[in-house]
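Okay, so here's the structure we're looking at.
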Amino acid sequence: MPSRHALVRRPGPRLAEGLVTHMDRRPVDVALALRQWEAYVQVLHDHGWRTTEVAPADDCPDAVFVEDTMVVFRNVALLARSGADSRRPELPAAREAAEALGCSLNAVRAPGTLDGGDVLKVGDTLYVGRGCRTNLDGVRQLRAAFEPLGARVIAVPVSRVLHLKSAVTALPDGTVIGYPPLVEDSSVFPHFRPVLEESGAHVVLLGGDALLMAASAPRTAQLFTRLGYRPVPVDISEFEKREGCVTCLSVRLRALTE
Ligand SMILES: NC(=O)NCCC[C@H](N)C(=O)O
């Protein structure tokens, strides 16, 4: 049975200084962000997930976006090496947390760069965004780490958004969902369904038919309800202002032996 264990990292006091690339900088309410993060973690718990908190990295404004620190396939964690220098000090504590959970570790090395948010898993297929945070050598190292374990790695160009998973994620049946203006080439995905809102493209599979998604995508939530899913909306407005989405606030470990 798949495990339901997630790594999370609470937002730090410098969240407002977090990077923005494809949007204007708007003020962030750090106290509200903490409450939103707690509500997000509560939703995971309510759906049977255990969580481990990665030690805070309060000097790193973007540390809450813990998904970017690694890619986990089966029980192997590939520690990322962000294309953004300011995010690299987030790594050591994330590494310790993955190790403490019994993951086998590997790491992207220079000159490779890779952010976890660029890797979308659909079954044994890993789509990897080749964009501003993940370079060709990062893609090569992802392939070298996981193809021997049975993964198939497919590189996808990303230029309109920060990460591949800012543009697309996948429903439980493997259908890739995306907001068309932000998807460069939907033909790489065997099954693609357009959604109506940018943040509607981001789902965390909670198990069964439950989909954690941003409260900012109500029309897409209605679409998913019509498809037989159960959307669980969370308000992550303060993280969205720093280009975060529901996926990047956790690393889901579905193949741990517990
Ligand atoms: N996986 C993700 O979508 N991560 C969001 C990271 C946002 C952060 N402000 C950054 O630019 O790195």
Side-chain angles (χ1 to χ4, degrees), residues 6-30 33-34 36-37 40 54 56-72 77-91 94 108 113-121 126-135 138 142 156 158-170 176-179 182-183 195 197-205 212-214 216-217 234 236-253:
L7 296 179
V8 292
R9 195 173 213 176
R10 67 181 51 238
R14 294 179 57 187
L15 176 65
E17 297 166 52
L19 299 170
V20 283
T21 308
H22 292 274
M23 59 171 56
D24 294 332
R25 184 173 289 278
R26 287 179 291 148
V28 166
D29 180 336
V30 175
L34 179 59
Q36 292 180 340
W37 179 83
Y40 174 95
V54 178
D58 284 351
D59 285 342
C60 298
D62 286 307
V64 67
F65 304 117
V66 67
E67 174 181 62
D68 293 324
T69 59
M70 67 184 81
V71 178
V72 181
L78 176 69
L79 294 157
R81 182 170 180 275
S82 182
D85 290 352
S86 69
R87 299 208 54 190
R88 295 199 189 145
E90 297 173 20
L91 250 289
V108 176
T113 65
L114 181 121
D115 272 12
D118 270 321
V119 180
L120 171 66
K121 268 175 283 178
L126 303 187
Y127 295 99
V128 53
R130 172 52 204 99
C132 66
R133 295 289 175 84
T134 296
N135 66 15
L142 181 78
V156 180
V158 170
S159 66
R160 301 177 192 170
V161 281
L162 183 62
H163 290 126
L164 177 64
K165 278 192 282 189
S166 319
V168 291
T169 61
V176 172
I177 51 172
Y179 179 59
L182 301 181
V183 181
V195 298
E197 294 137 317
E198 177 172 350
S199 59
H202 314 139
V203 291
V204 170
L205 309 187
L212 191 165
M213 56 185 296
S216 54
V234 287
I236 56 158
S237 62
E238 302 314 287
F239 303 110
E240 288 172 332
K241 291 175 186 169
R242 289 298 169 270
E243 239 162 315
C245 36
V246 284
T247 52
C248 55
L249 295 172
S250 59
V251 180
R252 280 77 58 199
L253 303 155

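A quick note: this is a predicted structure, and the numbers were derived from the prediction, not measured. Every number for a ligand or one of its atoms is a count from 1 in the order of the listing. Count residues from 1 along the sequence.
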Original post:
Among D115, D118, D85, which residue meets the salt bridge (charged side-chain N to carboxylate O under 4.0 Å, His left out) test with R133?
Top reply: D115

Original post:
So which protein residues pack against ligand 1 under 4.0 Å, heavy atoms counted?
Top reply: L19, D62, F65, E67, D68, R87, G117, R133, L162, H163, R242, E243, G244, C245, C248

**OP:** Would you indicate whether the side-chain heavy atoms of T134 and L164 approach each other to under 4.5 Å?
**Re:** no

**OP:** Starting at NE2 of H202, measure out to NZ of K165 and round the result to the nearest 0.5 Å.
**Re:** 10.5 Å

Original post:
Which atom names give the shortest non-hydrogen contact between V64 and R10, and what distance separates them?
Top reply: CG2-C, 4.3 Å

Subject >> Short side-chain donor-acceptor distance under 3.5 Å, E243 and S166 >> reply: no

**OP:** Rounded to the nearest 0.5 Å, what's the gap from OG on S250 to CD on E67? Could you check?
**Re:** 7.0 Å

